[in-house]
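Shown next, in structure tokens, is the structure this report addresses.
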Number of protein chains: 2
Amino acid sequence: MSHTLGVRQAQKQKTRQALLDAALRLLEEQSLSSLGLREVTRAAGVAPTAFYRHFRDMADLGVALVEEALGSLHTALTALLSATGDRAGEDDGEERIAATVELIAAYVRTHPAHVRFIAREQHGGVQAVRAAIGGQLALFTQEVKDQFAREPEAAGWAEDDLLMLAGMYVDHTVMTASALLEGGAAGEAGAGPGAAERVAARSRRQLRRQPRPPPLAGRTLTPPHPDPLRALDSYVRGN
Amino acid sequence: MSHTLGVRQAQKQKTRQALLDAALRLLEEQSLSSLGLREVTRAAGVAPTAFYRHFRDMADLGVALVEEALGSLHTALTALLSATGDRAGEDDGEERIAATVELIAAYVRTHPAHVRFIAREQHGGVQAVRAAIGGQLALFTQEVKDQFAREPEAAGWAEDDLLMLAGMYVDHTVMTASALLEGGAAGEAGAGPGAAERVAARSRRQLRRQPRPPPLAGRTLTPPHPDPLRALDSYVRGN
DNA sequence: AAACTCGGAGAACAGTTGTTAACTGCATGG
DNA sequence: CCATGCAGTTAACAACTGTTCTCCGAGTTT
């Protein structure tokens, strides 16, 4: 609050936000590449031409939406990463995993539209938006890696290995958020309120990186792999 | 070849296939919900009205495309699963993992457009298509689970646990295929031919369910978890 | 060989789209 | 306090969309 910005720019950002909100709402039931300019302005309650005062085209709005969804989360993450950096190892891994998954679930609960947008457009039809999402996720990955490097267990790990591990965590987070979104919608067919917990349980197990041991003794497991897939070789190469 | 089907129906399925092919080609650069009926018929070289002889609307064509991409692969999988069921445990897990990943890579190489379509529309804007993809993937999961159940290592595992593990494998496969697609496009910025191998290596490591041990002794690892994420709690709940 | 089927073409429709141009009114800076 | 800048509006444009009706001609059946 160095200087209160004028009434002029305040109103401008207000309609800009109205455009973003309208677009995000419409995007819950369609994808960006099918979203029309007039459709958005109509939902936002402004004239179609007002759109051009804020965005070049819909792809531009899409990139802005990516930054709204991930950018703010990113800065918050950066600020808080260092603050809690040296509390590592305070509790055991199981608690940390549960807390992490619950955090993801909370984010999905409070920002469902943003999560849906990111999940949908990550592989969507608009190149610029895909690139923006990829860039933001790469930043997340980098920061998670840096945090890993600070923990004592990471001693002796190669930089590339830590980065790859961080990438897996980020990907896992996105996938879990998306799964929670699909199963978490109350009143959906077949998926009761237990669906969210089932997704969470699966996510925890996956983070644990070791499937829950069988109800027998604590024997070491060599879990089955989809070996028969290999037999599909002829099909895949042919046709 | 019980009876050679007439010239009439043959020509019909020919233009139907032309429509599917044209749509699949156009879908490499946009998403289904933005794909126009006239756009497809124009690319297929038929009149716009001919579309209705084969599909009710674009969502219907999308479902047909899902079945073309996953259905045939599914039947092939079913046929070959039992044939190789009892060869389990013939080689060690490492080889099987490498073979599996290479199989995924081969499928992506030979059917890139189909893979892109599935990855894009899995979370896309058309409800019916999402449901169709989800259904096909559920079938895959079921069959992988059945195969797991046949392997001796699975003795004592609960049905639900096997199903969850199978689901992880299927999800991992889709994600790996998508990653290979992004990184595998030759002549892309920043991603040389080594990108595909990097993705494959990461996929193998993930299938191994245990990050590569550090270059020290074979000490047991408690790998770092994104604990600082928990500090984001206030951000997530607020705002 | 005649009657019928039916996949595809052609023309026309009302509606919607993105984009441009010229305008209006108000906050702003001198 | 007045002149400038600029967010937003109105009107109009050509282009394109999905959909319907009508018709044609070749494959199929009897």
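Computed from a predicted structure; not experimentally measured. Here is how names work: the chains are called A, B, and so on, in the same order as the sequence lines, proteins then strands, and each is numbered from 1. Note: hydrogens, waters and symmetry copies are ignored here, and every other heavy atom, side chains too, is used.
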Inset, instruction - Assign A:A47 to base, sugar-phosphate, or nothing according to its heavy-atom contacts below 4.0 angstrom with the strands shown. - result: base
Inset, instruction - Would you please confirm or rule out a distance under 4.0 Å between OP1 or OP2 of C:dT5 and any side-chain N or O of B:R53? - result: no
Inset, instruction - Considering just the side-chain nitrogens and oxygens of A:T15, establish if one lies under 4.0 Å of OP1 or OP2 belonging to D:dA7. - result: no
Inset, instruction - Go through the N and O atoms of the side chain of B:R8 and the base of C:dG7, and report whether any donor-acceptor pair is under 3.5 Å. - result: no
Inset, instruction - For A:V46 and for A:R38, find the nucleotide of DNA chain D with the closest heavy atom, then tell me which residue's nucleotide is more 5'. - result: A:V46
Inset, instruction - For B:Q147 and B:R150, test the side chains for any donor-to-acceptor distance below 3.5 angstrom and give the result as yes or no. - result: yes
Legend entry - Donor-acceptor side-chain pairing of B:H114 and B:E68 below 3.5 angstrom: yes
Legend entry - Short side-chain N/O contact to C:dT19 OP1/OP2 from A:R56, under 4.0 Å: no
Legend entry - Interatomic distance, A:K14 NZ vs C:dA27 C1' [rounded to whole Å]: 15 Å
Legend entry - Atom-to-atom span, NE2 of B:H54 to P of D:dG18 - whole angstrom: 17 Å
Inset, instruction - Between D:dA7, C:dT17, C:dT28, spot the one nearest the side chain of A:V7, thanks. - result: C:dT28
Inset, instruction - Using whole Å, report how far CZ of B:R16 lies from P of C:dC6. - result: 18 Å
Inset, instruction - Specify the separation, in whole Å, of atom OH of B:Y52 and atom P of D:dT22. - result: 17 Å
Inset, instruction - Taking only the side-chain nitrogens and oxygens of B:T49, find out if one of them lies under 4.0 Å from OP1 or OP2 of D:dT20. - result: no
Legend entry - Separation of D:dT17 P from B:L35 CG (nearest whole Å): 10 Å
Inset, instruction - With the side chain counted from C-beta on, respond yes when A:K145 and A:E159 share a heavy-atom pair under 4.5 Å apart, and no when they do not. - result: yes
Inset, instruction - Please state how far atom CG in A:D60 lies from atom P in C:dG18, giving the value in whole angstrom units. - result: 15 Å
Legend entry - A:R130 versus A:Q127, side-chain donor and acceptor atoms under 3.5 Å: no
Inset, instruction - Let me know the distance between CD of A:Q9 and C1' of D:dC6, rounded to the nearest Å. - result: 11 Å
Legend entry - Separation of D:dT10 P from A:F51 CZ (nearest whole Å): 19 Å
Inset, instruction - For residues A:F51 and A:R38, determine if any side-chain heavy atom of one lies less than 4.5 Å from a side-chain heavy atom of the other. - result: no
